[in-house]
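In what follows, every heavy atom counts, from backbone to side chain, and hydrogens, waters and symmetry copies are set aside.
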Amino acid sequence: MDGHRCCVGGTSCWRVVLHLDLDAFYCQVEHRRLNIEREKPLAVRQWEGLIAVNYPARAKGVGRFCNIEQAREKCPDLVLVHVETIGNTTDGGIGEVKPNRTTTKVSLQRYRKASFEVIQVIQKFSSSSCIERASIDEVYIDITASVEEKLREVRAESSLNWNTKDSHVAEGAILNPSLESDLRLILGSQICKEIRDAVKSETEFDMSAGIAHNKQMAKLASSLNKPAKQTIVPSASVPSMMQSLPYTAINGLGGKLGEKLKTVFPEAETAQDLQMHEKPVLQAALGESTGFWLYNLCRGLVDEAVEPNLLPKSLNACKSGAFNSMKPVKHWLKIMCQELIDRIQEDNQNFGRMPRVLALHARSSRTNKERSSQSPLPGNGSMPSLAILFDASLKLFEKLERECLPCSRVAIGARSFVSDRKDMQKLSDLFASSRPKEDNDGSSKRKRKPPDPIQQAKPKVKETTKQDAGSVDIDGIDVREQKYILSLLEASKKPKPKMKKSGQTNLAQLWGAK
């Protein structure tokens, strides 16, 4: 069977993709943590604003753009839970304390932990190579291989047990099990229901889901019948779905590219409006690649692969506010350092790895420009103490102090992970020479162009680029690839066997003689 059979526009009708979205996730975490009944209206607040609102509260008119006073007016029985905040404790340490905007900072740690609980359940149903963690509360899964297995079982038994009440079908379409593309979506919906039921049973969390032939339509479908429901999008439903859909609701068109489209095509409001423009017109206005991508996107035909990324690429802690002198910088840096240590420890326990690089970012209040500086993470593969990490972070900030103080945002992060202490030291030695040279103030000379919003909106395509000899960037290399690189390096250190003399001239020897 052709595993790449295509529908209109190149989208594979054999592929089945799920988009799973945790409904009002932060609220669900607080319901479980505080043992609050799900029927009670609840919202999670951060200072004077709301960052999550459950569905009972939404039914009474409470939204995320309400302030606390407005929310209480609309819903007097609203339960308000402040997001976790950390700061200096009464015993002199750093940990969870009562919210105070001037002395504490927000921590999302309890939500990150709950998110990984969900991922662990999902991994029982699918290989990690088929799971893309899109955010803290949403995930894509390519379940094509699992659907293939179910398809063989159905054919062997010549029967299909399908409960039509388990799933909605977009645009009221009727699925035809005799059509293999629809049959695959039906089997995918069964797997999706099993995953959602398991997540509910093991974590208490509800999920909405979309089942489609590509990521784009699966994501759109998951939002159609919230909460705790799933929606199938057969190929026949795609044209009518895109007909009245505001194009700003499509993933990738709600930001700067969306603003660009308003300028270039002011009359366009829906995806169908964009379809009125031929491909050459879109390419002339937005560039060849972006125009081609948009041409398919507004038709629901972008066949982007699910990219496995279960492990965080970096661990960060940040604080926004007024940093007018070194005193507040030191205060917040110490708190952020403890938060970063907690995250590194948790990551090490879960994934058995350690970051190699410590980075600090600071945004100037005067210019609104952000500068950064980095160094090897102190500890040489071991967990650094708070005092050591704070000292290293402070030195990084001092390199940027002249340009960035006063600043409006400070962040520290750890990245470039390796799997154990031995590998960490080897890689640290290997790549020390490849770091960009620094000015006297410690900032990098390497200038980066500002990001192009049009290019950012395009789907990511891996490209092979030439690097200068001796310069290697390992930021994007995972642990297994790092180990492979190290094995090659070890092999390269072994003495090469002497070549036997022959009538032929070895070009490398000839070049060496020159």
**Q** Examine R415 relative to F417 and say whether NZ or CZ is less than 6.0 Å from the centre of the six-membered ring and inside a 45° cone about the ring axis.
**A** no

**Q** Closest approach of P41 and N54, non-hydrogen atoms and distance?
**A** CA-OD1, 3.6 Å

**Q** Is there a side-chain hydrogen bond (donor to acceptor under 3.5 Å, both in side chains) between Q230 and R196? Walk through the geometry before answering.
**A** CA-CA 9 Å; Q230 60 185 49; R196 291 175 52 240; 2.9 Å; yes

**Q** Do any N or O atoms from the side chain of N214 and from the backbone of G300 form a donor-acceptor pair under 3.5 angstrom?
**A** yes

**Q** Is there side-chain contact between P355 and I344, with heavy atoms separated by less than 4.5 Å?
**A** yes

**Q** Could you give the distance from CZ (R110) to OG (S107), rounded to the nearest 0.5 Å?
**A** 8.0 Å

**Q** Please lay out, stage by stage, how E132 and K215 fare under the test salt bridge (charged side-chain N to carboxylate O under 4.0 Å, His left out).
**A** CA-CA 10 Å; E132 178 180 336; K215 288 170 61 178; 2.8 Å; yes

**Q** With the threshold set at 4.0 Å, does a side-chain nitrogen-carboxylate oxygen contact exist between R184 and E148?
**A** yes

**Q** Is there a side chain to side chain contact (heavy atoms under 4.5 Å, CB included) between T203 and V121? Walk through the geometry before answering.
**A** CA-CA 9 Å; T203 69; V121 177; 4.2 Å; yes

**Q** Is there a donor-acceptor contact under 3.5 Å from the side chain of S201 to the main chain of A198?
**A** no

**Q** Is the shortest side-chain N to carboxylate O distance from E259 to K262 below 4.0 Å?
**A** yes

**Q** Could you tell me whether the side chain of S365 and the main chain of C407 form a donor-acceptor pair under 3.5 Å?
**A** yes

**Q** Could you walk me through whether R343 and D347 pass the salt bridge (charged side-chain N to carboxylate O under 4.0 Å, His left out) test, one step at a time?
**A** CA-CA 6 Å; R343 294 199 64 184; D347 187 88; over 6 Å; no

**Q** Between S208 and A228 (side chain of the first, backbone of the second, donor and acceptor by atom type, cut-off under 3.5 Å), is there such a pair?
**A** yes

**Q** State, with a plain yes or no, whether a side-chain heavy atom of I141 is found less than 4.5 Å away from one of I195.
**A** yes

**Q** Can you tell me if K226 has over 12 outside heavy atoms packed within less than 6.0 Å of its NZ?
**A** yes

**Q** Could you give the distance from CZ (F292) to CG (L297), rounded to the nearest 0.5 Å?
**A** 12.0 Å

**Q** Hey, are the side chains of D197 and K200 touching, using non-hydrogen atoms and a 4.5 Å cut-off?
**A** no

**Q** Does the distance from a Lys or Arg side-chain N to an Asp or Glu carboxylate O, for E30 and R33, drop under 4.0 Å?
**A** yes

**Q** Any ion pair linking E180 and R155 (charged N to carboxylate O, less than 4.0 Å)?
**A** yes

**Q** Determine whether a donor-acceptor pair (N or O, by modelled atom type, separation under 3.5 Å) exists between the side chain of T144 and the backbone of V16.
**A** yes

**Q** So does V233 get a backbone contact from the side chain of S237, meaning a donor-acceptor N/O pair under 3.5 Å?
**A** no

**Q** Say whether, by atom type as modelled, one donor and one acceptor occur between the side chain of Q190 and the main chain of N161 under 3.5 angstrom.
**A** yes

**Q** Taking it one step at a time, do K260 and L286 satisfy side chain to side chain contact (heavy atoms under 4.5 Å, CB included)?
**A** CA-CA 9 Å; K260 174 75 172 179; L286 304 170; 4.0 Å; yes

**Q** To check you understand the geometry: which heavy-atom pair defines the closest contact between C13 and H213, and what is its length?
**A** O-CE1, 3.0 Å

**Q** Would you indicate whether the side-chain heavy atoms of R38 and D206 approach each other to under 4.5 Å?
**A** yes

**Q** Salt-bridged, R32 to E117, with N to O below 4.0 Å?
**A** yes

**Q** Got a donor-acceptor contact below 3.5 angstrom from the H19 side chain to the G210 backbone?
**A** no

**Q** Do you know the tightest heavy-atom contact between S126 and I131?
**A** O-CD1, 3.9 Å

**Q** For the side chain of Q28 and the backbone of D23, is there at least one donor-acceptor N/O pair under 3.5 Å apart?
**A** yes

**Q** Does some side-chain heavy atom of P266 sit less than 4.5 Å from a side-chain heavy atom of T263?
**A** no

**Q** Step by step, would you call I143 with L187 a side chain to side chain contact (heavy atoms under 4.5 Å, CB included)?
**A** CA-CA 10 Å; I143 59 168; L187 297 176; over 6 Å; no

**Q** Are the side chain of R58 and the backbone of V53 linked by a donor-acceptor contact shorter than 3.5 Å?
**A** yes

**Q** Should the heavy atoms of other residues, nucleotides or ligands under 6.0 Å from CG of L34 be counted, would the total exceed 12?
**A** yes

**Q** Would you say the ring centroid of W47 lies under 6.0 angstrom from that of H82?
**A** yes

**Q** Between CG of N309 and CZ of R133, what distance do you get to the nearest 0.5 Å?
**A** 8.5 Å

**Q** So with a 6.0 Å cut-off around CD of E202, is the heavy-atom count from everything else above 12?
**A** yes

**Q** Does the side chain of K219 come within less than 4.5 Å of D21's, by heavy atoms?
**A** no

**Q** Once rounded to the nearest 0.5 Å, what's the spacing between atom OG of S320 and atom NZ of K105?
**A** 9.5 Å

**Q** When rounded to the nearest 0.5 angstrom, what is the spacing between OG in S244 and CG in D273?
**A** 10.5 Å

**Q** Looking only at heavy atoms, which two atoms of Y247 and G258 are closest? And how far apart?
**A** OH-O, 3.8 Å

**Q** For E138, does the CD atom have more than 12 heavy-atom neighbours from other residues, nucleotides or ligands under 6.0 Å away?
**A** yes

**Q** Looking at T231 and A170, what are the two nearest heavy atoms and their distance?
**A** CG2-N, 3.8 Å

**Q** Using 30° and 60° as the class boundaries, would you call the ring planes of Y26 and Y111 parallel, tilted or perpendicular?
**A** parallel

**Q** Hey, could you give me the OG/CG distance between S373 and L396, rounded to the nearest 0.5 Å?
**A** 4.5 Å

**Q** How close do A285 and F265 get, counting heavy atoms only, and between which atoms?
**A** CB-CZ, 4.1 Å

**Q** So, E403 and K369, do they make that salt bridge, N to O below 4.0 Å?
**A** no

**Q** For F351 and F116, run ring pair (Phe, Tyr, Trp, His ring centres under 6.0 Å): C-alpha distance rounded to whole Å, both residues' side-chain angles, the deciding distance at 0.1 Å, then the answer.
**A** CA-CA 12 Å; F351 310 119; F116 275 106; 5.7 Å; yes

**Q** Could you check if a side-chain atom of V410 sits within less than 4.5 angstrom of a side-chain atom of H361, using non-hydrogen atoms only?
**A** no

**Q** Heavy atoms, side chains only, cut-off 4.5 Å: are L175 and W162 in contact?
**A** yes

**Q** Are R45 and I68 close enough, and set up right, to give a side chain to side chain contact (heavy atoms under 4.5 Å, CB included), and what steps lead you there?
**A** CA-CA 8 Å; R45 63 181 291 188; I68 302 302; 3.8 Å; yes

**Q** Yes or no on side-chain hydrogen bond (donor to acceptor under 3.5 Å, both in side chains) for E346 and Q109, after CA distance, side-chain angles and deciding distance?
**A** CA-CA 10 Å; E346 184 180 30; Q109 189 69 355; 2.3 Å; yes

**Q** Is it true that atom CD of E37 has more than 12 heavy atoms of other residues, nucleotides or ligands lying nearer than 6.0 Å?
**A** no

**Q** Exactly one of R72, K60, K40 should register a salt bridge (charged side-chain N to carboxylate O under 4.0 Å, His left out) with D77. Which one does?
**A** K60

